[in-house]
Amino acid sequence: MSLDSLTSSVDDAVSGFFEPIAKWLGEVVFYSVPVGGTELPLIVAWLVVAGLVFSGWFGLVQIRKFRLAVNVVRGKYDEKGSAGEVNHFQALTAAVSGTVGLGNIAGVAVAVSIGGPGATFWMILCGLLGMATKFVEVTLGVKYREVHADGTVSGGPMHYLPKGLAERFGTKGKTLGKVLGLLASVMILFFGLFGGNLFQVNQSYAQLVSVTGGTDGMIGSSSGALFFGILIAAIVGIVLLGGIRSIASVTSKLVPAMAGIYIAACLVVILVNVAEVPAAVSSIIEGAFNPEGVAGGVLGALIIGFKRAAFSNEAGLGSAPIAHSAVKTKHPASEGLVALLEPFIDTVVICTMTALTIVIANPASWGEARSGESIGGVTITSDAFGTVLPWFPYVLTIAVMLFAISTVLTWGYYCMKAWTHLFGRSRGSELTFKVMYTLFAVAGSLLALQTLIDMADAVLFMLAVINIIGLYLLAPVVKRELDTFLDFVHRRDAGEHTDAHEDDDQEPVKTTV
């Protein structure tokens with residue numbers, strides 16, 4: 001049996017078994033209600049409402065403390081002797097690498113096709129709201145993290161849900177928290193293996209094949225797919241062995257590089273068509289309230305924009321706190337402020353740049369999509385760049401590769417923390433996971449397993465329901481942490497040498513073996 005027929009058989013067998021489960025799960029998690037002639041997924045509403053609540057609860061912290069967040073990333077408020085593994089900038093880039101990906105390229109094209117240019121406006125608004133949610137969950141991630149005897153750190157919803165709820169609500173909260181923490185670990189692990197690993201490798205390979213002659217090209221064969229998968233697996237395995245320090249070291253270089261390449265290309269298209277910028281901006285604003293997309297209506301544009309932003313920046317899903325928890329700090333809220341920059345970079349900047357490029361370039365494929373003839377993704381984005389940069393598909397391939405590798409690395413770290421929460425931190429347990437994860441990277445270039453990827457998406461957004469309930473219950477804790485950090489900032493800005501007093505002000509971080 002050839003490799004192609006073997007992989008096709010595996011795909012068919014997996015799809016046949018899991019398809020009914022995936023379909024049922026998707027219908028439950030992404031259940032939609034008719035609103036104004038279009039469909040509103042309740043999970044999207046759940047995420048947006050959380051952003052609204054936390055924006056109000058913390059007095060628009062994402063706007064008022066934006067400058068402070070930038071200063072924290074710059075290291076202005078670093079403290080000597082802080083527990084953790086990476087600095088604020090490395091923690092931010094590690095987390096951003098897990099959210100910035102193909103959705104910023106292909107997903108945005110779909111959004112402005114279905115919802116029209118106006119979807120961009122609502123996408124930006126949802127990104128701004130998500131900044132507040134991200135602040136809350138990451139502050140809790142650092143507050144309830146565990147620093148192990150070897151100096152490594154574990155954090156995330158599987159830690160702050162059981163610990164935080166037990167602290168606030170006693171025995172009942174402890175029992176509920178343990179159950180929620182277990183479920184969170186399972187959901188993160190499942191999504192990471194299929195959505196954060198296999199899917200990313202699969203799509204990056206597909207893009208590489210498309211620019212190297214298709215299936216008849218030099219890597220279009222099954223042996224080429226296997227070689228690609230082994231190469232990516234080797235890179236991932238080597239970096240993953242080094243833990244978050246190694247991952248952060250790579251992503252702190254990859255993320256700025258991939259964002260820089262992509263944004264530079266967007267700016268080239270925008271500058272070449274600079275005369276069209278005012279009209280494009282006007283169409284985005286007017287379209288937000290009088291759209292002409294496939295969905296139609298103001299609510300159509302709003303829902304599509306909110307949906308794209310919610311799926312893109314993962315605010316409220318509980319994934320980012322895992323990476324941010326490894327930061328070197330004595331003040332949990334300091335990293336919460338850093339984290340609010342994440343949806344800004346992912347959604348407000350990169351997604352908006354993609355949308356603006358498409359609207360300004362106005363490629364033929366976008367017109368076809370808006371008329372309902374076809375709904376493209378990465379093709380529309382690529383065509384938009386192609387109007388100015390005919391060779392851009394090759395640059396896009398590089399960007400996709402960088403996006404994919406950084407996402408696989410970050411989700412590898414997330415998955416490992418979920419795995420060790422479930423199966424322990426022994427050397428054998430960690431090695432078993434790393435071998436399994438690298439094998440999934442190889443499979444990504446050979447198998448599609450779309451049904452499992454669809455299930456993984458549903459499972460990840462199930463986590464949002466659990467996670468945000470916990471965020472509401474633990475919001476008072478976040479408020480206290482923010483006040484403590486702002487007091488520290490005030491004293492530091494006043495010239496007081498604060499490091500000597502911090503050990504007295506902060507509760508000790510739990511250290512485990």
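Along the sequence shown, residues are numbered consecutively beginning with 1.
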Which residues satisfy the ring-ring contact (aromatic ring centres under 6.0 Å, His included) test with Tyr31, sequence neighbours excluded?
-> none
For Phe194, ring-ring contact (aromatic ring centres under 6.0 Å, His included) partners two or more places apart = Phe190, Phe440
To check you understand the geometry: which heavy-atom pair defines the closest contact between [X] and [Y], and what is its length?
{"X": "Thr432", "Y": "Trp419", "value": "CG2-CZ2, 4.0 Å"}
{"X": "Gly195", "Y": "Ala456", "value": "N-CB, 4.1 Å"}
{"X": "Gly196", "Y": "Tyr437", "value": "O-OH, 3.9 Å"}
{"X": "Met158", "Y": "Ala418", "value": "CE-N, 3.7 Å"}

Stepwise ring-ring contact (aromatic ring centres under 6.0 Å, His included) test for Trp46 and Phe461 = CA-CA 10 Å; Trp46 176 251; Phe461 280 86; over 10 Å; no
Would you confirm whether [X], through its side chain, and [Y], through its main-chain N or O, come within 3.5 Å as a donor-acceptor pair?
{"X": "Ser32", "Y": "Phe30", "result": "yes"}
{"X": "Thr438", "Y": "Val435", "result": "yes"}
{"X": "Ser429", "Y": "Ser426", "result": "no"}

Under the side chain to side chain donor-acceptor pair (under 3.5 Å) rule, what pairs show up with a residue in residues 456-468, not counting sequence neighbours?
-> Glu137-Asn467, Tyr160-Asn467
Here the gap from Ile124 atom CD1 to Leu129 atom CG, rounded to the nearest 0.5 Å, amounts to 12.0 Å
CG of Leu180 to CD1 of Ile469, rounded to nearest 0.5 Å, is 7.5 Å
side-chain contact (heavy atoms from CB on, under 4.5 Å) partner of Tyr262, the single match among Thr357, Leu267, Thr354 | Thr354
Residues Thr451 and Glu19: side-chain donor-acceptor under 3.5 angstrom | no
Cut-off 3.5 Å, side chains only: do Ser82 and Thr329 have a donor facing an acceptor?
-> no
What residue pairs, at least two apart or across chains, pass ring-ring contact (aromatic ring centres under 6.0 Å, His included) with a residue in residues 81-100?
-> none
Are any of the side-chain heavy atoms of Thr152 and Glu85 separated by less than 4.5 Å?
-> yes
Take Phe191 and Tyr414 through the side-chain contact (heavy atoms from CB on, under 4.5 Å) test and state the conclusion after the steps.
-> CA-CA 10 Å; Phe191 177 83; Tyr414 292 170; over 6 Å; no
State which residues pass side-chain hydrogen bond (donor to acceptor under 3.5 Å, both in side chains) with Ser154; sequence neighbours excluded, sorted by chain then number.
-> His148, Lys417
Quick one: list whatever passes side-chain contact (heavy atoms from CB on, under 4.5 Å) with Val179, sequence neighbours left out.
-> Leu183
When the ring centroid of Phe54 is compared with that of Tyr472, is the distance short of 6.0 Å?
-> yes
Audit row: Leu128, Val348, side-chain contact (heavy atoms from CB on, under 4.5 Å) steps and yes/no = CA-CA 7 Å; Leu128 293 172; Val348 179; 4.0 Å; yes
Is any side-chain N of the basic residue among Lys143 and Glu481 closer than 4.0 Å to the acidic one's carboxylate O?
-> yes
Do Lys163 and Glu146 sit within salt-bridge range, that is, some charged N less than 4.0 Å from a carboxylate O?
-> yes
In sequence, state the C-alpha distance, the side-chain angles, and the governing distance for Thr139 and Glu335, and then conclude on side-chain contact (heavy atoms from CB on, under 4.5 Å).
-> CA-CA 6 Å; Thr139 298; Glu335 189 62 16; over 6 Å; no
